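Notes for the one structure printed next.
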Amino acid sequence: MRHNLPLFCKNFLKCGLAGWCMEITFTALDALRRRDMTLKGNTSLWMFPIYGCAAILSPLSRLLRGKSAWVRGLSYAGLIFTGEYLTGSLLAKHRLCPWDYGRSRWNIGRVIRLDYAPCWIFAGLLFERLLSQSDRPQGALSSKP
């Protein structure tokens with residue numbers, strides 16, 4: 001396997017930005033649920049590198065190629081939960097964690113929510129899609145003739 005630091009950095013930036021956008025949208029939709037029509041979404045600067053780490057899903061996505069979306073999505077969700085738990089615990093230890101799921105009955109350690117599994121399945125498949133675009137040869141827009 002060839003190590004390609006510039007490609008990893010590009011993928012890190014793409015995943016970080018995509019994660020930020022997803023989080024802002026998700027929190028804005030929660031505002032809509034509360035009938036707050038300002039639709040303000042929010043995130044934290046800490047979240048950019050956390051979402052950027054989704055770039056490490058690229059090798060896994062190549063291994064899972066050909067598997068069902070459920071297998072791939074559940075695999076990604078498991079890794080995302082692991083990353084969320086580790087980063088959330090580290091940030092919480094220093095009182096820097098921007099989220100606290102303590103009010104949810106589905107929380108583990110106040111830093112992950114098991115009921116968010118469908119969101120992480122979707123996010124993992126979205127990251128897979130973003131990362132697969134980096135696997136294509138330069139200039140290739142489609143595999144169709």
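Heavy atoms only: backbone and side chains are in, while hydrogens, waters and symmetry mates are out. Model, not experiment: these values are computed from the prediction.
Of all the heavy atoms in G102 and N107, the pair that sits closest is O-ND2, 3.6 Å. The two residues A77 and A117 have their closest heavy-atom pair at CB-O, 4.4 Å. Minimum interatomic distance between A28 and L39 (heavy atoms only, all atoms of both residues): CB-O, 3.2 Å. Summarising the geometry of L91 relative to P98, their closest heavy-atom pair is CD1-CD, 4.1 Å, with the distance given to 0.1 Å.
Here side chain to side chain donor-acceptor pair (under 3.5 Å) pairs that include residues 69-78, with residues two or more places apart or in two chains, are R72-E128, Y76-E128.
Residue R113 holds its CZ atom at 11.0 Å from CG of D100, rounded to the nearest 0.5 Å. With values rounded to the nearest 0.5 angstrom, N11 atom CG is found 5.5 Å from K14 atom NZ. Separating the CD1 atom in I80 from the CD1 atom in I112 is a distance of 12.0 Å, to the nearest 0.5 Å. Atom OG of S44 sits about 7.5 Å away from atom CD1 of I50, to the nearest 0.5 Å. Rounded to the nearest 0.5 angstrom, K10 NZ and N4 CG are separated by 10.0 Å. L17 contributes atom CG, which lies 7.0 Å from atom CH2 of W20 (distance to the nearest 0.5 angstrom).
A 6.0 Å sphere centred on CH2 of W99 holds more than 12 heavy atoms belonging to other residues, nucleotides or ligands. Within 6.0 Å of CZ on R105 lie no more than 12 heavy atoms contributed by other residues, nucleotides or ligands. Environment of CG in L63: crowded, with over 12 heavy atoms of neighbouring residues, nucleotides or ligands closer than 6.0 Å.
M47 and L90 sit in two unconnected hydrophobic clusters of ILVMFWY residues. Membership requires side-chain heavy atoms under 4.5 Å apart, directly or through other members. Cluster annotation: F122 is not connected to L29 through the hydrophobic network of ILVMFWY side chains, with a link wherever side-chain heavy atoms come within less than 4.5 Å. Hydrophobic clustering (side-chain heavy atoms under 4.5 Å, transitive across Ile, Leu, Val, Met, Phe, Trp, Tyr) groups F127 together with Y85.
Residues Y116 and F26 bring their aromatic ring centres within 6.0 Å.
A donor-acceptor pair under 3.5 Å is absent between the side-chain atoms of S58 and the main chain of A55, judged by distance alone. A donor-acceptor contact shorter than 3.5 Å links the side chain of T27 to the backbone of I24.
Here the side chains of M22 and T25 are not in contact, with every heavy-atom distance at 4.5 Å or above. The shortest distance between side-chain heavy atoms of F81 and V111 does not fall below 4.5 Å.
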Between I56 and F8, is a side-chain contact (heavy atoms from CB on, under 4.5 Å) present by the stated rule, with each step listed? CA-CA 8 Å; I56 67 171; F8 177 79; 4.0 Å; yes

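Of the N and O atoms on the side chains of E23 and Y51, at least one donor lies less than 3.5 Å from an acceptor on the other residue.
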